[in-house]
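Start at 1 with the first residue, then count along the sequence.
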Amino acid sequence: MRTGGGSRRHPEAGLELVDRATAVFEDLGVGALRSECMVIRAGALRALGRLGPALTEVTRAAELAQDSSSRLAQALAARELGTIRYEQGRWELSSAAFQEAVRLGRLAGNRREEALALRHWAVVLRHRGELQEAREKAETALAAFHELGDRPYEAFSGLTLGLSLLELRDPSARRFIEEGHAVLRDMNLEFGMGELFYVLASLELADGHIDRAVDRLAQSIRLLGAEPVHHVLLSAVELLCRALDAEDRAAGQVLRLELAELAACIGTPAPAHRLDSILALVARRVTGRNPVVTLSRVPVLQPLH
């Protein structure tokens, strides 16, 4: 689950700016705002793959928010806690944190915060195999973002809903995935592209389009590999294993070994040689089938056919 904002794009710079703001609010004695700054700092630490310090920071932020009695500050801390637990692979703890974030966002009367927590909760529920629950949460988040006019998160919620429907074998999955893809493509959003290609690959594989699925997954792995290892990257490699199994079981077995090594690196920068090995397998497959086509020539954003 990727989150936007300056701390994600430039985490080191984000840390410096947030530290300054936190010091100011501490001097002013404004507990709620100080807590919100600490939540942003936790997000920046998470973006750097420093999940332990991020967890410490968000725990302190939650305590400060509790003391301030600000429901919104409490909701922000709970949502960041859920995201950290998600990236640690602690599904049950992540789900509980997002559930609490939804409750607090609702009590705060902040519909956007409530919707953000709902969308993130849906992602975790899908990973846990609770597909009907994931569907319901994603549908609610989608409707809220639509009413709020938040097009990017309406698109992301649609993609989350589409993936849940895909696993439920619901034919309406394609519509939500295509609509989400169209919005992000038209807005030329860089943020979230790695996840988007993973979702598109899932759709292509479900339709039996192995070549397209492999191309999408290679794009996804390239983008996600630039960040600390997290579960979307692992899911993309796992889906690639499934795609290659159908025609080359040996390649699939090699990929599973690489997947196991990547899983051991969760929360830390992805080892470049592991990613190179995975992409080399894909490149050999592509050039073996058609020497004229190479992955570097596949458009980064191409419409679904």
Side-chain angles (χ1 to χ4, degrees), residues 1-2 47-49 51 86-91 123-124 126-129 159 162-163 166-167 169 173 177 181 192-302 304-305:
M1 172 186 332
R2 305 290 84 195
L48 290 166
L51 297 183
Y86 170 84
E87 297 203 5
Q88 290 177 325
R90 304 292 297 275
W91 310 124
V123 173
V124 177
R126 188 182 66 79
H127 274 290
R128 294 180 64 182
L159 294 175
L163 269 179
L166 195 61
E167 294 188 42
R169 301 185 184 281
I177 291 173
H181 171 231
M193 287 298 101
E195 278 185 291
L196 173 60
F197 286 128
Y198 164 66
V199 175
L200 295 175
S202 301
L203 183 60
E204 298 288 10
L205 196 59
D207 287 347
H209 302 149
I210 294 178
D211 288 352
R212 291 185 207 162
V214 170
D215 288 344
R216 299 285 196 186
L217 287 168
Q219 293 167 325
S220 175
I221 291 165
R222 279 199 193 94
L223 291 168
L224 296 171
E227 303 180 32
V229 176
H230 53 82
H231 287 279
V232 182
L233 174 61
L234 300 182
S235 295
V237 177
E238 184 178 8
L239 195 63
L240 183 59
C241 292
R242 287 170 48 197
L244 295 186
D245 269 347
E247 59 186 24
D248 188 346
R249 187 162 292 276
Q253 289 173 343
V254 171
L255 275 178
R256 283 187 171 81
L257 293 175
E258 298 292 352
L259 177 59
E261 294 292 339
L262 279 178
C265 301
I266 195 159
T268 63
H273 67 285
R274 297 288 174 203
L275 298 175
D276 289 345
S277 176
I278 291 168
L279 292 172
L281 275 172
V282 177
R284 283 199 296 273
R285 173 190 179 277
V286 172
T287 54
R289 280 175 170 268
N290 183 349
V292 176
V293 179
T294 63
L295 284 175
S296 62
R297 294 177 59 186
V298 177
V300 171
L301 278 174
Q302 51 186 333
L304 286 173
H305 300 291

Would you name the heavy atoms of [X] and [Y] that are closest together and state the gap between them?
| X | Y | result |
| --- | --- | --- |
| G162 | A173 | O-CB, 3.4 Å |
| S220 | G194 | OG-O, 2.8 Å |
| I266 | H231 | CD1-NE2, 2.9 Å |
| A243 | I210 | O-CG2, 3.8 Å |
| E195 | L224 | N-CD2, 4.1 Å |
| V124 | Y86 | CG2-CD1, 3.7 Å |

| request: Let me know which of V214, L234, L217 forms a side-chain contact (heavy atoms from CB on, under 4.5 Å) with L239. | output: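 Only one option passes, and that is L217.
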| Around atom CZ of R242, are there more than 12 heavy atoms of other residues, nucleotides or ligands at under 6.0 Å? |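 Not more than 12 within 6.0 Å, no.
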| More than 12 heavy atoms of other groups within 6.0 Å of E238 CD |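 Counting neighbours around CD of E238, 12 or fewer heavy atoms of other residues, nucleotides or ligands fall under 6.0 Å, so no.
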Let me confirm one number: the [atom1]-[atom2] distance from [X] to [Y], rounded to the nearest 0.5 Å.
| X | Y | atom1 | atom2 | answer |
| --- | --- | --- | --- | --- |
| R274 | E258 | CZ | CD | 5.0 Å |
| D215 | F197 | CG | CZ | 10.5 Å |
| L51 | T268 | CG | OG1 | 8.5 Å |
| L240 | L259 | CG | CG | 10.0 Å |

| query | Would L262 and I278 count as a side-chain contact (heavy atoms from CB on, under 4.5 Å) if you check the C-alpha gap in whole Å, the side-chain angles of each, and the deciding distance to 0.1 Å? | reply | CA-CA 11 Å; L262 279 178; I278 291 168; 3.8 Å; yes
| query | Where do L200 and L196 land on the side-chain contact (heavy atoms from CB on, under 4.5 Å) test, with the steps shown first? | reply | CA-CA 6 Å; L200 295 175; L196 173 60; 4.1 Å; yes
| message | I'd like to know whether S235 forms a side-chain contact (heavy atoms from CB on, under 4.5 Å) with H127, so could you lay out the CA-CA distance, the side-chain angles of the two residues, the decisive distance to 0.1 Å, and finally the verdict. | response | CA-CA 10 Å; S235 295; H127 274 290; 3.6 Å; yes
